[in-house]
Amino acid sequence: QVQLVESGGGLVQAGGSLRVSCAASGRTFSRYVMGWFRQAPGKEREFVAAISWGGSTTSYADSVKGRFTISRDNAKNTVSLQMNNLKPEDTAVYYCAAASRGGIGTTRGEYGYWGQGTQVTVSS
């Protein structure tokens, strides 16, 4: 069992940067694949990025590749998403998710634990 709490959302101008973080409870954080998803108003929740147990493998949605970086600190039970060169279309609620699986998952159904989300708004 793991509980997730996101932080770091906010309002930023297009072209700017923002870092969102997720703090996880529990002593087995390092056994979970961690992911970030986002949901814009009126749209489905979509995959953004994921990172393997040890952090050696990552995966990104094409729309954020080269702009976003996912990282984790297993000693601190945290996972972060550094977002650079933000665009108005990045505006969404960003959710942290955890999956007790072997490989990286990129679909919502593969993740069993979710945070409450943090709002990211990018103004043009």
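In this chain, numbering begins with 1 at the start of the sequence shown. Values reported hereafter were calculated over all heavy atoms of this structure, with side chains retained and with hydrogens, waters and symmetry mates removed.
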**Prompt:** Any side-chain heavy atom of R38 within less than 4.5 Å of one from V93?
**Reply:** no
- Tell me, do E6 and Y95 make a side-chain contact under 4.5 Å, heavy atoms counted? yes
Check your understanding: Do Q82 and N84 have side chains that get closer than 4.5 Å, going by heavy atoms?
Key -> yes
Between T91 and the options V12, L11, V122, the side chain to side chain contact (heavy atoms under 4.5 Å, CB included) test singles out V122
Those residues at least two apart in sequence (or on a different chain) that pass side chain to side chain donor-acceptor pair (under 3.5 Å) with S80 are S21
Next on the checklist: For T121 and Q119, which I'm curious about, is there any donor-acceptor pair between the side chains at under 3.5 Å?
Outcome noted: yes
Evaluate whether atom NZ of K65 has more than 12 neighbouring non-hydrogen atoms of other residues, nucleotides or ligands under 6.0 angstrom away. yes
Ring pair (Phe, Tyr, Trp, His ring centres under 6.0 Å) filter on F37, not counting sequence neighbours, yields F47, Y111, W114
SB check D90 K87 (cutoff 4.0 Å)
no
Under a 3.5 Å threshold, yes or no: a donor from one side chain and an acceptor from the other, between D73 and T78?
no
Taken to the nearest 0.5 Å, the spacing of Q1 CD from S25 OG works out to 8.0 Å
Those residues at least two apart in sequence (or on a different chain) that pass side-chain contact (heavy atoms from CB on, under 4.5 Å) with T58 are I51, Y60, I70
